[in-house]
Number of protein chains: 2
Amino acid sequence: MNAPARHVSPAGEVADPRVEALVNDLIGAVADKWTLLILEELEQAGTLRFSEIGRRVPTISQKMLTQTLRAMERNGLVSRTVHPVVPPHVDYGLTDLGQSLGAAFCGVWIWAEKHCDSVEAARERFDRR
Amino acid sequence: MNAPARHVSPAGEVADPRVEALVNDLIGAVADKWTLLILEELEQAGTLRFSEIGRRVPTISQKMLTQTLRAMERNGLVSRTVHPVVPPHVDYGLTDLGQSLGAAFCGVWIWAEKHCDSVEAARERFDRR
DNA sequence: CGGCATCCTCCTGGATACTG
DNA sequence: CAGTATCCAGGAGGATGCCG
């Protein structure tokens with residue numbers, strides 16, 4: 001995901017271009033389908049094992065699961081705890097940063113739930129041409 | 001974007017599976033990099049022409065611009081007004097639905113601005129291995 | 001169990017050229 | 001100006017197999 005352009009914060013002031021590139025990049029990294037779904041699951045459950053997350057997000061392949069978890073870990077959103085036992089046991093949980101992101105996305109989930117009918121209606125109207 | 005699994009709303013109650021699929025699909029449709037950036041621009045400017053949006057989001061190709069605007073229009077997020085003059089003049093603006101989505105994403109932008117340093121730090125820590 | 005490596009396919013998305 | 005059409009490369013992402 002490359003880093004696009006200019007952004008003026010909701011507060012109104014124009015951001016320094018360096019920060020801005022970072023922010024846009026960050027939005028791209030974080031506003032990802034799998035990231036969002038995993039974030040949701042971890043927020044609900046607190047802590048989950050690798051395979052548990054897979055079960056809760058059935059449409060994700062384990063490749064994407066690994067990949068997404070790794071990216072989230074790199075971005076400081078999740079913590080990964082390996083218990084040195086056989087068979088292996090790895091727990092994933094949200095960091096404080098991850099939890100704050102979950103809270104930030106809460107508004108979007110609510111929006112989606114509230115307006116999914118409107119969107120569906122809009123789609124049908126649009127498609128009828 | 002296919003439609004994944006189960007979702008429990010922030011309010012806590014388990015959603016009806018039909019709504020749920022829609023919501024997840026909606027998240028996928030809406031949590032898209034270009035959609036977010038265009039949403040931001042239209043929210044700031046109120047109304048923009050096709051080429052003006054392109055100028056404000058320099059990294060977007062005009063193909064993706066057309067495509068994303070069309071999808072947003074279909075989802076009822078933007079309204080498209082064609083002025084029948086030569087040369088053509090087309091205005092794009094947010095609908096009420098689009099504005100409400102912009103408001104919902106506001107929290108995410110703020111999060112990104114507030115925590116981009118933490119994320120960068122986390123990345124450096126992670127990469128140092 | 002929780003991965004990583006490999007292979008292979010498809011779709012996204014960029015570049016370019018053409019039109020009303 | 002605001003698109004549509006075409007071509008093409010690269011990356012996303014699924015399937016499978018192996019390892020600690």
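Letters go in sequence order (proteins before strands), and every chain restarts at 1. Given the structure is predicted, the values throughout are model-derived calculations rather than measurements.
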Trace of the side-chain contact (heavy atoms from CB on, under 4.5 Å) decision for Ser61(B) with Leu65(B): CA-CA 6 Å; Ser61(B) 65; Leu65(B) 182 51; over 6 Å; no
Please list every donor-acceptor pair under 3.5 Å in which a side-chain atom of residues 68-75 of chain B meets a protein atom from a residue at least two apart or in another chain.
unit_1, atom_1, unit_2, atom_2, d
Thr68(B), OG1, Met64(B), O, 2.6
Arg74(B), NH1, Asp127(A), OD1, 2.9
Arg74(B), NH1, Asp127(A), OD2, 2.4
Asn75(B), OD1, Arg123(A), NE, 2.6
Asn75(B), OD1, Arg123(A), NH2, 3.2
Asn75(B), ND2, Ala71(B), O, 3.3

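- Across Trp109(B) and Glu40(B), no two heavy atoms sit closer than the pair CZ2-CG, 3.0 Å.
- A straight line from CE of Met64(B) to P of dG13(C) spans 4 Å, rounded to a whole angstrom.
- At dG2(C), one or more side-chain N or O atoms of Arg49(A) fall inside 4.0 Å of OP1 or OP2 (strictly under the cut-off).
- No donor-acceptor pair closer than 3.5 Å links the side chain of Gln99(B) to the backbone N or O of Asp96(B).
- Scanning residues 88-95 of chain B for heavy-atom distances under 4.0 Å to DNA chain D yields Pro88(B), Val90(B), Tyr92(B).
- Distance, Ile53(B) CD1 to dA2(D) C1': 11 Å, rounded to whole Å.
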So Val119(A) and Val30(B), side-chain contact (heavy atoms from CB on, under 4.5 Å) or not? Walk me through it. CA-CA 11 Å; Val119(A) 172; Val30(B) 132; over 6 Å; no
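- At a threshold of 4.5 Å between non-hydrogen side-chain atoms, the residues Lys33(B) and Leu37(B) count as touching.
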Could you go through the side-chain contact (heavy atoms from CB on, under 4.5 Å) check for Leu36(B) and Val108(B) one step at a time? CA-CA 10 Å; Leu36(B) 253 55; Val108(B) 180; 5.7 Å; no
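- Every residue meeting the side-chain hydrogen bond (donor to acceptor under 3.5 Å, both in side chains) condition with Asp91(B), not counting sequence neighbours, appears here in chain and number order: His89(B).
- Stem list for DNA chain C (at least 3 consecutive Watson-Crick or G-U pairs, distances under 3.5 Å): C:2-20 with D:1-19.
- In terms of heavy atoms, Ala104(B) sits closest to Gly107(A) at CB-O, 3.6 Å.
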Could you list the protein-to-nucleotides 4-8 of chain C atom pairs, N/O on both sides, closer than 3.5 Å?
unit_1, atom_1, unit_2, atom_2, d
dC4(C), OP1, Arg70(A), NH2, 3.3
dC4(C), OP2, Arg70(A), NH2, 3.4
dC4(C), N4, Gln62(A), NE2, 3.3

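- When all heavy atoms are compared, the tightest approach of Gly76(A) to Thr95(A) is O-OG1, 2.6 Å.
- In this entry the distance linking CD of Glu52(B) with C1' of dC1(D) reads 11 Å, nearest Å.
- Rounded to whole angstrom, the span from the CH2 atom of Trp34(A) across to the P atom of dG11(D) amounts to 21 Å.
- Considering all non-hydrogen atoms of both residues, Gly98(A) and Leu39(A) come closest at O-CD1, 3.8 Å.
- For the pair Phe50(B) CZ and dA2(D) C1', the interatomic distance rounds to 6 Å; values are reported in whole Å.
- With rounding to the nearest 0.5 angstrom, the OG atom of Ser100(A) is 7.5 Å from the NZ atom of Lys114(B).
- Here the CZ atom belonging to Phe105(B) is positioned 5.5 Å from the CZ atom belonging to Phe105(A), to the nearest 0.5 angstrom.
- Leu69(B) places its CG atom 11 Å from the C1' atom of dG3(D), with the value rounded to the nearest Å.
- Listed in residue order, the members of residues 122-129 of chain B having a heavy atom less than 4.0 Å from DNA chain C come to none.
- Between Lys33(A) atom NZ and dT12(C) atom P the separation is 12 Å, expressed in whole Å.
- Contact check for Ile38(B) versus Ile53(B): side-chain heavy atoms found under the 4.5 Å cut-off.
- Between the P atom of dC1(C) and the CG atom of Leu65(A) lies a distance of 14 Å, rounded to the nearest Å.
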